[in-house]
Amino acid sequence: MIPVLASLRGRDFLDVADLDPAELRSVLALAHAIKAGRWAERPLAGRHIAMLFQKPSNRTRVSFEVGIARLGGTTTTLGEQDVQFGRRETVHDAARVLDRYVDGIVARMRSHADLVELAAGAEKPVINALTDRSHPCQILADLMTLEEACGPLGAQRVVYIGDGNNIAASLIEAAALLGFRLTVITPPGYEPTPQVLERAGSIGSGTSGVLISNDVAALDGATAIYTDVWTSMGQEDQRATRSKIFAPYQVNKKLMDAAKDAVFLHCLPAHRGEEVTDEVIDGPRSIVFDQAGNRLYAQMALLAEIMGPR
Ligand code: CP
Ligand code: NVA
């Protein structure tokens, strides 16, 4: 019997910190059960989800569309040129309209503030498919993958190396909720914001297990090394500067040798030769494609808990 909590029903999921530890554990347990074929219900039968993308996507878009279909639901996916938030109509007006057609909204917005406005305008549940501030659905899959590869999270030390933006922020919230140790290593000036650390400090066990560092050698006890692109979507004009600043933070063979037995994670897409070398991402310690695959099961579990049976 797989427990599906009722407490998530009808709620938005804008950040990992929107969940409490029990809710996060429940989503992960259901995700493992779905992957193992131990849970195959169709709680989204007769439900329709709008998928809104202001930025490109491969994993998020396809894994949500497939997951919603497997749960019995249907989707409409709209790109940047369709809704044209802020140009054809305000985010709030668009949300009030969509609310009358669909049962839930999955949205990848350029700005987190716009996602918050979308959620405020829609009574139906809104799920964050990535913003500049966070990527909580990615982190659900990451946690699931770490449990598969390394066992209970409580015994792990995840070392994230790179930009302290959306992935780092959501990882910090997960570490606070589940109590695993996390080191975030960034170049000076690219650390997670004080607001992220403040919010994480107020949830779960707080940030006592979270270390922020600029020292690329702070790898002691790492069970997983995680990196992300140096230039996120929407920052392309900063690419040349960032390539120089982040160069010492590349995850290469030397760094992985220093991290001993740690597995390697990356949310993808990867900019090979920048934040990670081919040797690492294609090497035996890389679990990046399992991680990408787990987006499907983690999001199905999330949707099942949020949308649930009527
Ligand atoms: N990791 C991730 O969100 O990938 P996409 O940008 O392809 O959706
Ligand atoms: N930090 C990256 C994550 C992509 C999944 C970006 O925002 O582009």
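All ligand and atom numbering here is 1-based and tracks the order in the structure. Sequence positions, counted from 1, serve as the residue numbers for this chain. Quick note: numbers below take in every heavy atom, side chains included, and nothing from hydrogens, waters or symmetry partners. Nothing here was measured: the structure is a model prediction, and the numbers come from that model.
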**Asked** In terms of side-chain geometry, is the basic nitrogen of Arg25 or Glu305 positioned less than 4.0 Å from the acidic oxygen of its partner?
**Response** no

**Message:** Polar contacts were defined as any N/O atom of the residue lying under 3.5 Å from an N/O atom of the ligand; does this apply to Ser232 and ligand 2?
**Reply:** yes

**Fill in**
Per-atom filter on ligand 2: closer than 4.0 angstrom to a heavy atom of Leu268 are 5 (C)

**Identity and separation of the nearest protein heavy atom to atom 4 (O) of ligand 1** = Arg59 NE, 2.8 Å

**Request:** Write out the residue and atom name of the closest protein heavy atom to atom 6 (O) of ligand 1, then the distance separating them to 0.1 Å.
**Result:** Arg108 NH1, 2.8 Å

**Asked** Any side-chain heavy atom of Met109 sitting closer than 4.5 Å to one from Phe85?
**Response** yes

**Request:** Could you establish whether Lys55 and ligand 1 come within less than 4.0 Å of each other, counting only heavy atoms on the residue side?
**Result:** no

**Prompt:** Which one holds for Asn166 and ligand 2: side chain close, backbone close, both close, or neither close, with close meaning a heavy atom under 4.0 Å?
**Reply:** side chain

**Location of contacts on Leu130 toward ligand 2, heavy atoms closer than 4.0 Å** = side chain

**Asked** Any heavy atom of Leu130 sitting closer than 4.0 Å to ligand 1?
**Response** no

**Asked** For atom 7 (O) of ligand 1, which protein heavy atom lies nearest, and how many Å away is it?
**Response** Asn58 N, 2.7 Å

**Complete:** among protein heavy atoms, the one nearest atom 8 (O) of ligand 2 is Met233 N, 2.8 Å

**Prompt:** Polar-atom distance check: Lys55 versus ligand 2, any N or O pair below 3.5 Å?
**Reply:** no

**Message:** Under the criterion ring pair (Phe, Tyr, Trp, His ring centres under 6.0 Å), I'd like the reasoning laid out for Phe264 against Tyr226: C-alpha separation, chi angles, the key distance, then a yes or no.
**Reply:** CA-CA 6 Å; Phe264 174 71; Tyr226 190 149; 8.2 Å; no

